[in-house]
Amino acid sequence: MALTLRAAAAAAAGSTRGLSRLFSTSFIPPMNSATPSAREQAEPSTNLFVSGLSKRTTTEKLHEAFSQFGEVVHARVVTDRVSGYSKGFGFVKYATLEDAAKGIEGMDGKFLEGWVIFAEYARPRQPPPPPQNNMASPYSRY
DNA sequence: TCTGAGCGA
């Protein structure tokens with residue numbers, strides 16, 4: 001099965017959670033319960049970050065796949081603005097937190113368009129940039 | 001048209 005091999009490769013490359021178990025032989029990290037600045041999973045929200053998508057997976061396909069587990073309010077595959085091609089990840093917004101949880105349970109690690117995808121809570125988006133508009137031009141006042 | 005481990009116009 002070529003599909004299985006590719007899936008295993010994708011899973012090995014992508015699942016940091018699973019690999020950490022393999023590497024922890026007898027070594028106990030200093031931070032046992034609290035990881036201050038580590039990349040931990042974002043807190044539950046209705047918004048999901050979906051990665052591992054096929055480059056050919058479209059927004060509607062993403063919407064369709066995640067709709068099986070709850071009411072999808074919004075879905076988007078992130079594409080490059082200049083080329084228009086998928087960046088291989090996207091976002092799915094559910095109506096409720098429960099649906100979002102079910103969506104993760106139902107789709108994380110599953111196949112979509114031949115690729116193993118990963119679904120997790122999306123981080124809150126990047127804070128809006130400060131306005132910084134120059135209302136004072138050299139000629140504005142005199 | 002393509003990229004691959006990534007958080008969006």
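A note on names: the letters A, B, ... follow the listed sequences, proteins ahead of strands, and every chain is numbered from 1.
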- In whole Å, what is the span from the CD1 atom of Ile117(A) to the P atom of dC7(B)? 17 Å
Please report, to 0.1 Å, the donor-acceptor pairs under 3.5 Å made by any side chain of residues 64-78 of chain A, with sequence neighbours excluded.
unit_1: Ser67(A); atom_1: OG; unit_2: His63(A); atom_2: O; d: 2.6
unit_1: Ser67(A); atom_1: OG; unit_2: His63(A); atom_2: ND1; d: 3.2
unit_1: Gln68(A); atom_1: NE2; unit_2: Ala65(A); atom_2: O; d: 2.8

- Message: A side-chain contact here means heavy atoms from C-beta on lying under 4.5 Å apart; do Phe111(A) and Val116(A) qualify?
- Response: yes
- Query: Rounded to the nearest 0.5 Å, how far apart are CG of Leu53(A) and CZ of Phe89(A)?
  - Reply: 9.5 Å
- Query: Start at the 5' end of DNA chain B and walk down; is the nucleotide closest to Tyr121(A) or to Gly88(A) reached first?
  - Reply: Gly88(A)
- Item | Met107(A) reachable from Ile104(A) in the ILVMFWY side-chain graph, under 4.5 Å edges | yes
- Item | Distance in angstrom units between Ile104(A) CD1 and dC7(B) P, rounded | 17 Å
- Message: Within the 4.5 Å heavy-atom criterion, are Leu48(A) and Tyr94(A) side-chain neighbours or not?
- Response: yes
- Query: dG4(B): syn or anti, with syn meaning chi within 90° of zero?
  - Reply: anti
- Query: Which of residues 45-54 of chain A have a heavy atom under 4.0 Å from DNA chain B?
  - Reply: Asn47(A), Phe49(A), Ser51(A), Gly52(A), Leu53(A), Ser54(A)
- Task: Using the test side chain to side chain contact (heavy atoms under 4.5 Å, CB included), find all partners of Ser54(A) that sit at least two apart in sequence or belong to another chain.
- Result: Arg56(A), Thr57(A), Glu113(A), Trp115(A)
- Query: When you measure from every atom of DNA chain B, which of residues 89-96 of chain A have a heavy atom less than 4.0 Å away?
  - Reply: Phe89(A), Phe91(A)
- Task: Output every pair passing salt bridge (Lys or Arg N to Asp or Glu O under 4.0 Å) with a member in residues 91-107 of chain A, not counting sequence neighbours, ordered by first then second residue.
- Result: Asp99(A)-Lys102(A)
- Task: Go through residues 75-85 of chain A and report each residue with a non-hydrogen atom lying under 4.0 Å from DNA chain B, sorted by number.
- Result: Arg76(A), Val78(A), Thr79(A), Ser83(A), Tyr85(A)
- Task: Calculate, to the nearest 0.5 Å, the distance between atoms OH and CD belonging to Tyr121(A) and Glu43(A) respectively.
- Result: 10.5 Å
- Task: Measure the CG-CD1 distance between Leu112(A) and Ile117(A) for me, rounded to the nearest 0.5 Å.
- Result: 5.0 Å
- Item | side chain to side chain contact (heavy atoms under 4.5 Å, CB included) against Ala122(A), all qualifying residues, sequence neighbours excluded | Asn47(A), Phe49(A), Phe91(A)
- Message: Just the rounded figure in Å: distance from C1' of dC7(B) to CD of Glu120(A).
- Response: 9 Å
